[in-house]
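Notes follow once the structure below has been shown.
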Number of protein chains: 2
Amino acid sequence: MEKRRANSSDRQSSEKTEAILAGAMQEFLAGGYAATTMDRIASAASVSKATVYSHFQDKETLFIALIERLAQEKFRGAFNSPDPQMLEKEPEIALRCLAANMLDTSQTHLLDFIRIIIGESGRFPALARAFVQHIEKPVHDEVRQYLASRAELKLADPDSVAQIIIGTLVHFSIVHHVLQSSDILPVERDRLIDNLITLITIQPEKSRTCQSQG
Amino acid sequence: MEKRRANSSDRQSSEKTEAILAGAMQEFLAGGYAATTMDRIASAASVSKATVYSHFQDKETLFIALIERLAQEKFRGAFNSPDPQMLEKEPEIALRCLAANMLDTSQTHLLDFIRIIIGESGRFPALARAFVQHIEKPVHDEVRQYLASRAELKLADPDSVAQIIIGTLVHFSIVHHVLQSSDILPVERDRLIDNLITLITIQPEKSRTCQSQG
DNA sequence: GTCTATACCGCGATAGAC
DNA sequence: GTCTATCGCGGTATAGAC
């Protein structure tokens, strides 16, 4: 980590900007918009409050900039399956991998992000729509495209089935990790994935028996 | 301004309490916890701020009392199907009715309630768990019990299928009515219900022996 | 650009009259 | 119990030194 000996107002400002955004992310995701103070953001970023205001016009501007940045950079593709080779296997395997991956990546800060998007959707409806546009929609398109590419699944409406998959997994993640109620609802992760994939892959004409992963 | 000549501490207090809770509901559901002020609650209830404090210890106590009351009274059974006679029809019909009813009743204030439960789940985790306990879980139990009672559906795990139904519908409601993104995701309500019910009710000709874990 | 210090206001909560 | 009026704190945002 190198530091210029010359003018302190060098290209430090971009580093400060990043620090402010990082501090703002930490505070906003933890407490929501109204409960987060500019003092705490400045403290989390290790800068003064005036510095925050020199980089962002006001609290609302900072919040919008942060959320849009997170939607377009950090969490875009958060649900993507890491191994495209997996998609060439049998649909049962590929879908199971995709579902497991969605639930795993959800356990990061993405669920805090979803919580604040939902929680602030009344005050910032445009950000809620940007979330669907840049995060939910790409996942939906990817899943739908995969489902449609597998003709042997014989799905009449891949769009709807994609919605069922994503809805099931997102709802599961919210109940378990946002609402922290794993002990109240009885269904565990792997059981739910098994049954979800089975519903989709086992078709009337095929009469196949289900083999569970061991 | 009419006033009782007798003791002013009549049974007016309970009416005031109801007015305060109604005002608090309106304000909290619209703005969330931190952004809502006691002044606005008092104004919405048409009482003075001191009166609010004479009925509730502080803002947090009022919020908790309101949310617990809503969970146990107003929104309990919000998803219940209004016509129990419907359950005796064919499963396709009954499930379709149940799904449509869930999406209809969701369009009331219940989704504002879900939004604040999710949004404040970091600050009030106990309320989030109470929501799952008193609202989500009863719906889950009802759906699971119905699915299990219909042996012809041959469902290996009614618990998981109930989760898939509820997850699909709740996620749909959140995307459309909370995140206000009906135009971004392509699947409409009836199409989604059709495909969801079809996945569940149309079974392979041979019996399904899928079980993931004992 | 970055800091310290501050102006200004609104919020939660209370005091005291009635 | 209910009101008006107020206190004290902490919030956003800014001024001015460096």
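Residue numbers begin at 1 in each chain, while the letters A, B, ... track the order of the sequences. Both backbone and side-chain heavy atoms feed into the values below; hydrogens, waters and symmetry mates do not.
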Between the base of D:dG1 and the side chain of B:Lys16, is there a donor-acceptor distance below 3.5 Å?
-> no
Under 4.0 Å between any heavy atoms, over every strand shown, what does A:Asp58 touch: base, sugar-phosphate, or nothing? Just pick one.
-> sugar-phosphate
Round to the nearest Å and state the distance from B:His55 atom NE2 to C:dA13 atom P.
-> 16 Å
Can you find a side-chain donor-acceptor pair between B:Ser54 and B:Thr51 that sits under 3.5 Å?
-> no
Donor-acceptor contact present, side-chain B:Thr36 to main-chain B:Glu27, <3.5 Å = yes
From CZ of B:Phe28 across to P of C:dC11 the rounded distance in Å is 13 Å
Would you confirm whether A:His171, through its side chain, and A:Gly167, through its main-chain N or O, come within 3.5 Å as a donor-acceptor pair?
-> no
Using atom CD1 of B:Ile41 as one end and atom P of C:dC11 as the other, report the distance to the nearest whole Å.
-> 11 Å
Please state whether the rings of B:Phe113 and B:Phe75 are parallel, tilted or perpendicular, taking 30° and 60° as the class boundaries.
-> tilted
Assert: residue with more 5' nearest nucleotide on DNA chain D, out of A:Thr36 and A:Ala50, is A:Thr36
Length of the line joining A:Lys59:NZ and D:dG10:C1', which is rounded to integer Å | 12 Å
Between CG of A:Asp39 and P of C:dT6 the distance, given in whole Å, is 15 Å
Indicate whether OP1 or OP2 belonging to C:dT2 is found under 4.0 Å from a side-chain N or O atom of A:Thr51.
-> no
Roughly, in whole Å, what's the span from NZ in B:Lys49 to P in C:dG10?
-> 12 Å
Between C1' of C:dT2 and CZ of A:Phe56, the distance in whole Å = 15 Å
Rounded to the nearest angstrom, tell me the gap between atom CD in B:Glu60 and atom P in C:dA13.
-> 9 Å
Are A:Tyr53 and D:dT14 close enough that a side-chain N or O sits under 4.0 Å from OP1 or OP2?
-> no
Under 4.0 Å between any heavy atoms, over every strand shown, what does B:Thr37 touch: base, sugar-phosphate, or nothing? Just pick one.
-> sugar-phosphate
Determine whether the aromatic ring centres of B:Tyr33 and B:Phe124 lie less than 6.0 Å apart.
-> yes
